[in-house]
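These notes concern the structure reproduced below.
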Amino acid sequence: MTELKKLVPFYATLLDAWYSSKDLKDLKRIHARIITLGISHKDLIRTKLVSSYASCAQLHEAIILFSFTNRQPPFLYNSLIRAYSSLNLFSESLSLFRLMRLACKPFDRYTLPVVLKSCAGLSALRLGQQVHGAVLVNGFALDLANSNALINMYAKCGHLACARNVFDRMWQRNGISWTTMMAGYGMHGMFEEVFELFDGMVEAGKRPDGMTFTSVLTTCSHGGFIDKAKEYFEMMEVRFGVKPGLQHYTCMVDMLGRVGQVEEAENLILRMKVKPDDALWGALLAACKIHGKVEVAERVAERVYGKELSFAS
């Protein structure tokens with residue numbers, strides 16, 4: 001019995017250490033060993049296993065273990081709510097939050113940003129507004145993660161005035177705050193507001209990152225601001241030291257392809273410092289078909305597929 005007591009903290013620590021690798025095979029080996037040793041029924045072990053399985057998206061196993069756990073602390077609910085939300089299973093995520101409240105478990109500042117993300121995913125404005133009330137009542141309004149999640153929720157639910165109100169009232173903003181507000185404006189076709197916010201972000205001394213430029217370039221693409229897009233793309237690395245990633249090149253190729261500048265899109269891909277994926281080549285081929293750029297399509301097909309491509313329908 002004494003030996004078993006010593007094994008519980010040891011394997012709990014081992015599961016904590018596993019988090020750095022998140023190797024599912026290793027987790028299953030540890031779990032099998034825990035069962036063999038007869039300590040799998042211990043609440044501390046079950047709690048660690050639930051969090052571990054949830055963190056690598058093994059939700060079936062996580063929920064089964066969760067149902068057998070006597071002590072279900074708030075952080076365990078947080079782990080499951082976050083796991084469902086990360087897989088875009090927003091209804092399930094919110095259902096767990098409701099169960100958490102029914103079980104009278106207190107939530108903390110880590111709970112509500114994930115709940116707000118799920119509200120945004122479902123455009124559940126009414127619930128999002130209720131969660132906003134909980135943020136205020138519980139004193140989380142000064143927490144950056146909660147404020148950023150509120151901006152995202154209101155923007156995706158189409159209430160840009162509310163999103164901007166949260167943004168304007170923030171005593172401190174980080175890059176996510178600015179980028180989320182820009183993405184909200186861009187999503188609803190308010191293009192000039194995106195460009196104004198970008199300038200305001202730079203004037204405030206915040207450095208735009210890759211996500212910021214993704215939002216701005218997507219806005220340019222949707223609004224047809226070709227020259228502006230080229231300016232932003234150029235300034236990424238030259239002015240701000242942000243190396244363009246695949247998503248940035250995809251925005252540019254998509255935009256250039258839509259307006260028929262297929263040769264320029266092809267040259268941009270050939271100059272890329274990252275490896276283009278099939279989706280990027282596919283976007284270029286689609287543009288070739290729309291604009292009848294047979295020679296470019298043949299070069300792309302030869303380069304990607306090693307064969308000629310026919311546009312015959």
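Keep in mind it's a predicted model, so treat the numbers as computed, not measured.
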Checklist entry - Quick one: are Lys42 and Ile39 in side-chain contact, heavy atoms under 4.5 Å? => result yes
Next on the checklist: Around atom CZ of Phe68, are there more than 12 heavy atoms from other residues, nucleotides or ligands closer than 6.0 Å?
Outcome noted: no
Checklist entry - Any side-chain donor-acceptor pair under 3.5 Å between Asn174 and Ser177? => result yes
Checklist outcome for this item: In short, Cys56 meets Leu24 closest at the heavy-atom pair SG-CD1, 3.8 Å
Checklist entry - Would you say Ile34 and Leu37 make side-chain contact, with heavy atoms under 4.5 Å? => result no
Next on the checklist: Using salt bridge (charged side-chain N to carboxylate O under 4.0 Å, His left out), reason through Glu298 and Lys293 one step at a time and then give a plain yes or no.
Outcome noted: CA-CA 9 Å; Glu298 288 175 346; Lys293 302 285 186 175; over 6 Å; no
Item to check | Note: Glu263-Arg299 ion pair, threshold 4.0 Å (strictly below) | outcome: no
Next on the checklist: Grouping I, L, V, M, F, W and Y whenever their side-chain heavy atoms are under 4.5 Å apart, do Leu99 and Leu116 come out in a common cluster?
Outcome noted: yes
Item to check | Closest non-hydrogen atom pair between Leu15 and Ser52, with its separation | outcome: CD2-OG, 4.1 Å
Checklist outcome for this item: Closest non-hydrogen contact found for Cys288 with Val262 is SG-CG1, 3.5 Å
Next on the checklist: Can you tell me how the ring of Phe97 sits relative to the ring of Phe107, calling it parallel under 30°, perpendicular over 60° and tilted otherwise?
Outcome noted: tilted
Checklist entry - Is the backbone of Gly257 close enough, under 3.5 Å, to the side chain of His291 for a donor and an acceptor to pair up by distance? => result yes
Checklist entry - Quick check: are there more than 12 heavy atoms from other residues, nucleotides or ligands sitting under 6.0 Å from CD of Gln172? => result yes
Item to check | Cluster check Met272, Leu285: I/L/V/M/F/W/Y, side chain < 4.5 angstrom | outcome: yes
Item to check | Centroid separation Tyr53 to His31 less than 6.0 Å | outcome: yes
Next on the checklist: Looking at Ile176, I want to see if its CD1 is surrounded by more than 12 non-hydrogen atoms of other residues, nucleotides or ligands under 6.0 Å.
Outcome noted: no
Checklist entry - Checking side chain to side chain donor-acceptor pair (under 3.5 Å) for the pair Arg271/Asn267: CA distance, chi angles, key distance, verdict? => result CA-CA 6 Å; Arg271 298 197 308 270; Asn267 289 331; 5.7 Å; no
Item to check | Ile81 backbone acceptor or donor facing Ser85 side chain under 3.5 Å | outcome: no
Checklist outcome for this item: Note: Leu246 and Pro276 closest approach over all heavy atoms is CD1-CA, 4.1 Å
Item to check | Closest non-hydrogen atom pair between Ile151 and Ala163, with its separation | outcome: O-CB, 3.7 Å
Item to check | Donor-acceptor contact present, side-chain Arg82 to main-chain Val114, <3.5 Å | outcome: no
Next on the checklist: Closer than 3.5 angstrom, by distance alone: can the side chain of Arg173 be matched with the main-chain N or O of Phe167 as a donor-acceptor pair?
Outcome noted: yes
Checklist entry - Ile290 and Leu256: same hydrophobic cluster, using ILVMFWY side-chain contacts below 4.5 Å? => result no
Next on the checklist: Please tell me whether Ser118 and Ser93 have a donor and an acceptor in their side chains that are separated by less than 3.5 angstrom.
Outcome noted: yes
Checklist entry - Do the side chains of Lys243 and Val274 get nearer than 4.5 Å, heavy atoms only? => result no
Item to check | Atom pair SG (Cys220) and CE (Met252), whose distance is rounded to the nearest 0.5 Å | outcome: 8.5 Å
Checklist entry - Between Asn138 and Asp108, is any side-chain donor less than 3.5 angstrom from a side-chain acceptor? => result no
Next on the checklist: What I'd like to find out is whether the side chain of Tyr249 reaches to under 4.5 Å of the side chain of Ile269, using heavy atoms alone.
Outcome noted: no
Checklist entry - Where does the angle between the aromatic ring planes of Tyr154 and His159 fall among parallel (under 30°), tilted (30 to 60°) and perpendicular (over 60°)? => result tilted
Next on the checklist: So Met153 and Leu125, do their side chains get closer than 4.5 Å, heavy atoms only?
Outcome noted: yes
Checklist entry - So, the side chain of Arg101 versus the backbone of Lys105: is there a donor-acceptor pair under 3.5 Å, distance only? => result yes
Item to check | Flag, side chain of Ser147 to backbone of Ala141, donor-acceptor distance under 3.5 Å | outcome: yes
Next on the checklist: Is a donor from one side chain sitting under 3.5 angstrom from an acceptor on the other, for Thr179 and Ser215?
Outcome noted: no
Item to check | Atom CE of Met211: over 12 foreign heavy atoms under 6.0 Å | outcome: no
Checklist outcome for this item: So CE of Met100 and CG of Leu76: to nearest 0.5 Å the spacing works out to 9.5 Å
Item to check | Met235 with Met201, same ILVMFWY side-chain cluster at under 4.5 Å | outcome: yes
Item to check | Phe195 six-ring face occupied by Lys228 cation (under 6.0 Å, within 45°) | outcome: yes
Item to check | Separation between OH of Tyr232 and OG1 of Thr219, rounded to the nearest 0.5 Å | outcome: 9.0 Å
Checklist entry - So, His248 side chain and Gly245 main chain: donor-acceptor pair closer than 3.5 Å or not? => result yes
Item to check | Asp43 CG to Gln72 CD distance, which is reported to the nearest 0.5 Å | outcome: 9.0 Å
Checklist entry - Would a distance-only check, ignoring hydrogens and angles, find a side-chain to backbone donor-acceptor pair under 3.5 Å from Glu193 to Met182? => result no
Next on the checklist: Taking the ring of Phe225 and the ring of Phe191, is the distance between their centroids below 6.0 Å?
Outcome noted: yes
Checklist entry - Thr111 and Asn78: side-chain donor and acceptor closer than 3.5 Å? => result yes
Checklist entry - Would one find more than 12 heavy atoms of other residues, nucleotides or ligands at under 6.0 Å from atom NZ of Lys22? => result yes
Checklist entry - Have Arg258 and Ser221 got a donor and an acceptor in their side chains that come within less than 3.5 Å? => result yes
Checklist entry - Going by the angle between their ring planes, with limits at 30° and 60°, are Phe240 and Phe198 parallel, tilted or perpendicular? => result perpendicular
Item to check | Enclosure of Glu237 CD (heavy-atom neighbours >12, cutoff 6.0 Å) | outcome: yes
Checklist entry - Between Ser67 (side chain) and Ile64 (backbone), is there a donor-acceptor pair under 3.5 Å? => result yes
Next on the checklist: Ignoring hydrogens, what is the shortest heavy-atom contact between Ala83 and Leu59? Give both atom names and the distance.
Outcome noted: CB-CD2, 3.4 Å
Checklist entry - Is there a donor-acceptor pair closer than 3.5 Å between any side-chain N or O of His222 and the backbone N or O of Met187? => result no
Checklist entry - Given the rule in the salt bridge (charged side-chain N to carboxylate O under 4.0 Å, His left out) test, do Arg109 and Asp143 qualify, once you have shown the distances and angles that lead to the verdict? => result CA-CA 8 Å; Arg109 67 187 183 90; Asp143 180 74; 2.9 Å; yes
Next on the checklist: Taking the ring centre of each residue, are Phe233 and Phe213 less than 6.0 Å apart?
Outcome noted: no
Item to check | Pairwise distance CG(Asp209) to CH2(Trp178) - rounded to 0.5 angstrom | outcome: 13.5 Å
Item to check | Salt-bridge present (Glu231, Arg239; N to O < 4.0 Å) | outcome: no
Item to check | Gap separating the CD atom of Glu61 from the CG atom of Leu27, nearest 0.5 angstrom | outcome: 9.0 Å
